Amino acid sequence: MRISRQLAIVICLLLPATAAAEDFPTKPIRLIVPFPPGGPNDIIARVIGQRMSLRTQILRAVGAAIE
């Protein structure tokens with residue numbers, strides 16, 4: 001009885017580890033730069049986008065604000 005209880009606990013603890021992980025992220029990451037292109041903020045956003053090993057999109061929306 002005790003061994004079956006321990007076995008059940010071990011199986012319950014290891015079961016989530018066997019689940020197939022989904023690739024993250026599945027969509028490209030969007031960096032929104034609310035300043036015009038060519039400025040220091042745009043350059044920093046481009047550098048950050050290149051350094052990330054993920055797919056990134058730099059969106060320039062002059063005057064954009066977070067709602």
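It should be emphasised that the depicted structure is a prediction, and the values quoted were computed from it without experimental measurement. Side-chain atoms are counted along with the backbone in the values below, which use heavy atoms only and exclude waters and symmetry mates.
You'll find the side chain of I29 stays beyond 4.5 Å of the side chain of Q57, heavy atoms only. Counting heavy atoms from C-beta outward, V33 and I58 have side chains that approach closer than 4.5 Å.
Going from atom CD1 of I48 over to atom CG of L31 covers 7.0 Å, rounded to the nearest 0.5 Å. The distance from atom OG1 of T56 to atom CZ of R30, rounded to the nearest 0.5 Å, is 12.5 Å.
For the side chain to side chain contact (heavy atoms under 4.5 Å, CB included) test with R46, the passing option among I43, D42, I44 is D42; the others fail.
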